[in-house]
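This report refers to the structure that appears directly beneath it.
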Amino acid sequence: MSPTSETAKGGRRLVIVESPAKAKTIKGYLGPGYVVEASVGHIRDLPNGAAEVPAKYKGESWARLGVNVEKDFQPIYVVNHDKKDQVKKLKELLAESDELFLATDEDREGEAIAWHLQEVLKPKVPVRRMVFHEITKDAIQAAVASPRELNKKLVDAQETRRILDRLYGYEVSPVLWKKVMPRLSAGRVQSVATRLVVERERERIAFRSAEYWDLTGIFDTGRPGDNSDPSTLTARLASVDGKRVAQGRDFGSNGRLKDAAQVLHLDEANARALAAALADASFAVRSVESKPYRRSPYAPFRTTTLQQEASRKLGFGAKATMQVAQKLYENGFITYMRTDSTTLSDTAVNAARAQVTQLYGANYLPEKPRTYAGKVKNAQEAHEAIRPSGDRFRTPAETGLSGDQFRLYELIWKRTVASQMKDATGNSVTVRIAGRASDGRDAEFTASGKTITFHGFMKAYVEGADDPNAELDDRERRLPQVTEGDPLAAREITADGHATKPPARYTEASLVKELEEREIGRPSTYASIIGTILDRGYVFKKGTALVPSFLSFAVVNLLEKHFGRLVDYDFTASMEEDLDRIARGEAQAVPWLRRFYFGEGTEGAAGGAAEAGNGDGDHLGGLKELVTDLGAIDAREVSSFPVGEGIVLRVGRYGPYVERGEKDSEGHQRADVPDDLAPDELTVEYAEELLAKPSGDFELGTDPGTGHQIVAKDGRYGPYVTEILPEGTPKTGKNAVKPRTASLFKSMSLDTVTLEDALKLMELPRTVGTDAEGVEITAQNGRYGPYLKKGTDSRSLETEEQLFTITLDEALAIYAQPKQRGRAAAKPPLKELGTDPVSERPVVVKDGRFGPYVTDGETNATLRRDDDVETITPERGYELLAEKRAKGPAKKTAKKAAAKKAPAKKTAAKKTAAKKTAAKKTTTAKKTTAAKKTTAAKTTAKKTTAKKVAAAAESAAE
DNA sequence: CAGTGAGCGAGCTTCCGCTTGACTT
């Protein structure tokens with residue numbers, strides 16, 4: 001039955017797909033009678049935070065998780081805030097339809113979206129599940145003609161995955177807040193990604209370079225050369241007296257030969273001596289070996305390979321690639337860009353083959369279409385490979401595109417066309433040349449070449465290489481046509497020194513490749529994984545390299561030591577296997593989750609759940625147990641790394657620093673480590689340098705009055721100047737002398753402040769005079785800015801300059817005015833919300849330390865994230881107050897009372913934050929390149945935010 | 001991570017995967 005005959009019956013069908021662009025295309029294939037609309041991804045999810053948890057669950061201990069861990073891990077689902085309108089639209093469309101087709105992607109997530117749609121839309125008309133893997137008219141019409149049922153087991157597998165990720169992320173992250181720094185995060189994917197980067201850096205730190213030498217000879221055939229037969233060839237020394245000369249690959253990461261007996265390690269002296277001994281030797285061709293060469297085209301693009309190639313060839317980051325691809329997709333130039341499949345539809349194969357013939361000739365077209373087996377182990381293959389759309393590919397010139405879109409399209413087009421072309425063939429040749437040195441040793445040189453006789457797919461496309469020195473596939477290297485026994489003259493023999501290099505750092509593209517190989521992450525998330533670990537400050541970019549921060553060393557260290565099972569590289573792969581079993585009905589979700597969360601030995605535990613080892617034998621502790629008792633996690637230990645010579649690097653709540661000796665002991669030293677220092681660059685020497693001259697100090701000179709040195713520093717509350725007291729000045733005890741200090745004015749900055757400024761600032765507080773009763777009035781600079789102080793009576797000043805200029809008369813005039821209460825108190829409420837129905841008091845919105853809040857004069861409640869001062873309704877205000885009253889006043893435990901002291905400081909920190917960021921930016925800019933600057937500024941900005949919060953959080957790391 | 005003066009009370013951070021705009025810079 002065709003769609004049109006159905007329409008004739010007058011039925012109207014609603015088809016829901018995931019992507020609006022897809023909806024648009026499909027609409028054209030289905031014709032009238034079908035309404036096609038998109039869900040625009042997932043429509044429901046677990047609540048994000050407390051604000052999204054429905055009121056009836058608010059009091060539950062597990063509400064924070066959004067999963068009832070006490071009752072079979074029942075999830076709470078809420079319609080995503082940004083999907084409310086879309087859901088409403090879908091409901092309206094459904095009301096006018098006689099049949100519903102859930103046409104979401106055919107993978108785990110797509111099945112779940114379909115199920116959520118069904119749950120939310122509550123259709124009263126027949127519901128069908130329809131699936132297709134390619135968007136062609138035939139495929140769509142076939143799909144609509146043969147719908148199936150919703151696969152609830154697959155939905156279960158998705159839900160299990162979702163719950164595991166939530167439990168992992170929301171249980172482990174708080175451990176990091178307590179033990180390392182607030183706002184950090186851990187997750188199944190990001191933590192392993194971070195660990196990979198850290199582990200690579202550890203290898204680099206442990207790496208010991210090896211030096212080795214060899215010889216390069218330029219040999220002459222004695223014939224005049226031409227393009228196909230050059231007259232010289234360059235060959236490298238391969239062996240001496242039959243013993244192979246050591247090359248880079250013969251050395252281990254410890255700088256030693258892997259097998260010293262098998263190879264000859266030449267040092268500089270030996271190499272030079274051999275070169276000299278070969279200076280007058282005569283050489284001849286010992287052998288010529290020729291082998292056929294053959295290379296097959298690369299598979300069409302999937303998400304990861306597109307990201308890698310766009311990085312290598314176009315210099316795009318993963319995010320940029322996806323953004324450009326999205327535009328191409330939306331405008332109908334390419335197929336869907338988030339895919340793990342390399343399969344081309346028949347339509348696409350035909351289009352590619354037609355284009356091969358047309359552009360390169362039939363000679364380049366293989367007899368049969370090429371197919372590419374899926375390389376990706378957990379591929380869900382819901383989509384095609386990434387290719388030009390349509391049944392006839394537009395050449396790049398025909399698209400009318402320009403800029404990045406043009407370049408990315410061209411890349412995709414070439415790769416797709418090349419994937420349906422013939423192999424490249426040719427010959428690879430190895431020539432061995434021998435000569436006898438004056439000391440009698442036999443030296444053998446080798447040279448290898450490659451000629452391509454038929455370029456095949458290389459006519460259209462050659463893959464890029466990560467290593468700039470690597471040879472591309474299509475590079476020819478011609479050797480002279482020589483045969484065994486031909487005499488050769490050595491024109492030049494030189495000794496060359498080499499050093500082994502540490503393993504290269506990951507780039508965005510190579511990390512994504514690694515993650516894909518380990519089955520971690522999905523096409524839709526690869527780019528955002530990079531974004532997450534950058535945002536958290538776990539890694540930063542140096543050129544294209546991803547460099548782990550010291551912070552990430554501390555985090556990974558903690559996770560490896562205490563959550564080893566969770567950051568095991570095979571955790572996700574093992575989880576995937578289990579999820580597949582759940583999807584097949586061979587395992588059940590609840591026992592599996594129970595085992596993960598509560599551990600082994602709980603009743604009904606299913607076998608096999610992601611148990612890759614912490615090496616703790618039989619007992620498999622559940623996640624719950626691990627996050628409950630944190631006593632075993634020594635915050636100081638996990639964030640300490642020995643540098644050498646008694647110096648330790650520590651990751652504190654304010655960032656990394658180096659330290660020598662115990663705090664408050666003789667000879668204790670401490671210095672900040674720059675945020676953008678690569679861990680493998682922290683040597684003992686550099687640490688000594690940092691300790692000798694603490695970073696952030698600007699020496700301004702000597703105070704002529706006291707002889708004390710004056711420095712400008714960047715402190716907890718912003719930039720300030722202070723004096724350095726001479727050695728031996730008691731810092732503690734009753735004779736303690738405290739150095740004079742003063743905050744910089746807002747108009748000053750750390751790197752421009754002068755000694756003169758500093759001395760003037762340190763004169764503060766200034767005595768302005770005394771009032772009629774003889775009480776002294778002083779002018780000071782405090783945490784709320786400049787102010788006057790008379791006994792306990794203080795008054796704010798308008799400008800910092802007034803601290804120096806205000807006269808006694810002016811001060812007295814200010815005191816003659818009634819005291820202005822604080823700014824907030826003096827300010828009228830932001831908004832009035834009428835009278836609260838419960839307390840019958842007037843409700844107003846005020847601005848406070850923690851942002852806007854509603855109050856009836858008795859109960860206060862902070863506005864939630866989704867509330868807005870402008871739009872808040874009186875009803876919402878009463879609701880917030882009612883919630884707050886229900887919750888009761890905060891318990892005044894010892895811990896809370898202690899924490900209470902901190903917020904007072906926070907306001908000051910907030911105030912100086914902007915100044916501070918600006919100051920740091922400029923100082924950093926001096927030392928770094930433009931590229932670094934952005935990273936540094938970003939890190940600084942983030943760090944400042946972290947500082948604010950850190951002030952309020954309980955201190956643990958130090 | 002210096003050390004000062006007042007106001008008013010905490011609440012939230014965090015995961016992975018599906019999708020696009022709606023925002024600002």
Side-chain angles (χ1 to χ4, degrees), chain A residues 18-21 38-43 45-46 48-51 64-65 80 82-83 86 104-105 107-110 112-113 158 161-162 164-174 176-177 182-191 326 330 338 521-525 528-529 532 536 652-655 657 670 672 694 696 713-718 720 722 738-739 741-743 765 780-784 787 789 792-796 819 821-826 846-851 853 855 859-862 864-865 884 889-890 896 899-900 903-905 907-908 947 949 952-953 958:
Chain A
E18 291 181 34
S19 150
S39 73
V40 199
H42 274 292
I43 55 155
D45 192 10
L46 300 175
N48 229 326
R64 182 180 65 82
L65 300 169
N80 298 3
D82 56 338
K83 296 292 165 55
Q86 193 63 19
T104 49
D105 296 347
D107 56 18
R108 204 162 60 207
E109 297 296 329
I113 293 174
Q158 189 277 346
R161 198 269 319 144
R162 180 67 191 92
L164 174 126
D165 282 331
R166 168 52 64 90
L167 294 175
Y168 185 143
Y170 274 36
E171 290 286 27
V172 181
S173 298
L176 299 180
W177 305 342
R183 287 174 184 275
L184 295 179
S185 62
R188 173 174 59 81
V189 171
Q190 59 167 293
S191 293
Q326 175 85 27
E330 283 170 13
R338 292 186 274 263
R522 301 281 314 138
S524 66
T525 62
S528 60
I529 295 166
T532 299
R536 296 282 170 273
R653 301 185 88 79
Y654 310 108
Y657 60 94
R670 188 184 253 203
D672 268 346
K713 286 182 164 192
D714 195 13
R716 173 88 164 70
Y717 304 113
Y720 67 103
T722 188
K738 289 202 165 179
T741 60
S743 286
Q780 328 194 7
N781 199 14
R783 78 173 178 229
Y784 305 106
Y787 68 104
K789 185 175 172 168
T792 55
D793 194 5
S794 64
R795 303 294 169 90
S796 286
K819 182 171 168 80
R821 300 282 295 170
R823 228 179 296 153
K846 286 186 168 184
D847 197 18
R849 256 191 312 195
F850 308 115
Y853 65 103
T855 177
T859 310
N860 304 316
T862 308
R864 300 296 198 273
R865 202 178 39 193
K884 187 62 195 296
K896 286 240 170 174
K900 259 193 152 171
K905 287 183 179 175
T907 322
K947 280 189 186 189
V949 183
E958 288 183 70

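A, B, ... follow the sequence lines: proteins, then strands. Residue 1 opens every chain. Note that this is a predicted model, so its numbers are computed, not measured.
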Proximity to the side chain of [X] - top-ranked nucleotide from [options]:
X: A/Glu330; options: B/dG21, B/dC15, B/dC18; answer: B/dG21
X: A/Ser185; options: B/dC15, B/dT20, B/dC18; answer: B/dC15
X: A/Tyr787; options: B/dC16, B/dC8, B/dG5; answer: B/dG5
X: A/Arg162; options: B/dC15, B/dT14, B/dG17; answer: B/dC15
X: A/Pro182; options: B/dT13, B/dC16, B/dT14; answer: B/dT13
X: A/Lys83; options: B/dT14, B/dA2, B/dC18; answer: B/dC18
X: A/Glu109; options: B/dG21, B/dC18, B/dT14; answer: B/dC18
X: A/Val189; options: B/dC18, B/dT19, B/dG17; answer: B/dG17
X: A/Thr862; options: B/dC18, B/dC15, B/dG11; answer: B/dG11
X: A/Arg161; options: B/dC1, B/dC16, B/dT19; answer: B/dC16

Do the side chain of [X] and the main chain of [Y] share a donor and acceptor less than 3.5 angstrom apart?
X: A/Gln86; Y: A/Ala38; answer: yes
X: A/Ser743; Y: A/Tyr720; answer: no
X: A/Asp165; Y: A/Arg188; answer: no
X: A/Ser528; Y: A/Thr525; answer: yes

For A/Arg536 and A/Ser185, which I'm curious about, is there any donor-acceptor pair between the side chains at under 3.5 Å?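 Indeed, the side chains of A/Arg536 and A/Ser185 share at least one donor-acceptor pair under 3.5 Å.
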
Find the runs of at least 3 consecutive base pairs, i with j, i+1 with j-1 and so on, that include DNA chain B, using Watson-Crick or G-U wobble geometry with both distances under 3.5 Å.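 Stem list for DNA chain B: empty.
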
Please classify the nucleic acid contact of A/Asp45 as base, sugar-phosphate, or nothing, using heavy-atom distances under 4.0 Å.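 It contacts base atoms.
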
Stacking check A/Trp177 vs B/dT14 (5.5 Å / 30 deg):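 No, the aromatic ring of A/Trp177 does not stack with the base.
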
Does the side-chain ring of A/Tyr168 lie flat on the base of B/dC15, meaning centres under 5.5 Å and planes less than 30 degrees apart?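 No, A/Tyr168 does not stack on the base of B/dC15.
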
On DNA chain B, nearest-nucleotide positions of A/Ile529 versus A/Thr741: which is more 5'?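 Counting from the 5' end, the first nearest nucleotide belongs to A/Thr741.
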
Between A/Ala21 and A/Arg64, name the one whose nearest nucleotide on DNA chain B is closer to the 5' end.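 Closer to the 5' end of DNA chain B: A/Arg64.
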
Whether [X] contacts [N] is assessed here as follows: a side-chain N or O lying under 4.0 Å from the phosphate OP1 or OP2. Is that the case?
X: A/Ser524; N: B/dC18; result: yes
X: A/Arg795; N: B/dG5; result: no
X: A/Arg522; N: B/dC18; result: yes
X: A/Thr525; N: B/dG17; result: yes
X: A/Arg536; N: B/dC15; result: yes
X: A/Gln158; N: B/dG17; result: no
X: A/Ser39; N: B/dC18; result: no

Salt bridge or not between A/Glu171 and A/Arg64? Use side-chain N to carboxylate O under 4.0 Å.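 Salt bridge flag = yes for A/Arg64 with A/Glu171.
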
Got a sec, which residues hit side-chain hydrogen bond (donor to acceptor under 3.5 Å, both in side chains) with A/Glu18, two or more places apart in sequence or on another chain?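 For A/Glu18 there are no side-chain hydrogen bond (donor to acceptor under 3.5 Å, both in side chains) partners, ignoring immediate neighbours.
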
Send over the distance from [X] [atom1] to [N] [atom2], rounded to a whole Å.
X: A/Gln190; N: B/dG17; atom1: CD; atom2: P; value: 11 Å
X: A/Leu65; N: B/dC12; atom1: CG; atom2: C1'; value: 15 Å
X: A/Tyr170; N: B/dG17; atom1: OH; atom2: C1'; value: 14 Å

Is there a donor and acceptor pair closer than 3.5 Å between the side chain of A/Asn48 and the base of B/dC15?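 Check passes, donor-acceptor contact within cut-off.
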
Distance, nearest 0.5 Å, that separates CZ of A/Arg108 from CD1 of A/Ile113: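 Output value for this atom pair is 12.5 Å.
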
Could you give the distance from CD1 (A/Ile43) to CG (A/Asp82), rounded to the nearest 0.5 Å?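 Separation between the atoms: 11.5 Å.
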
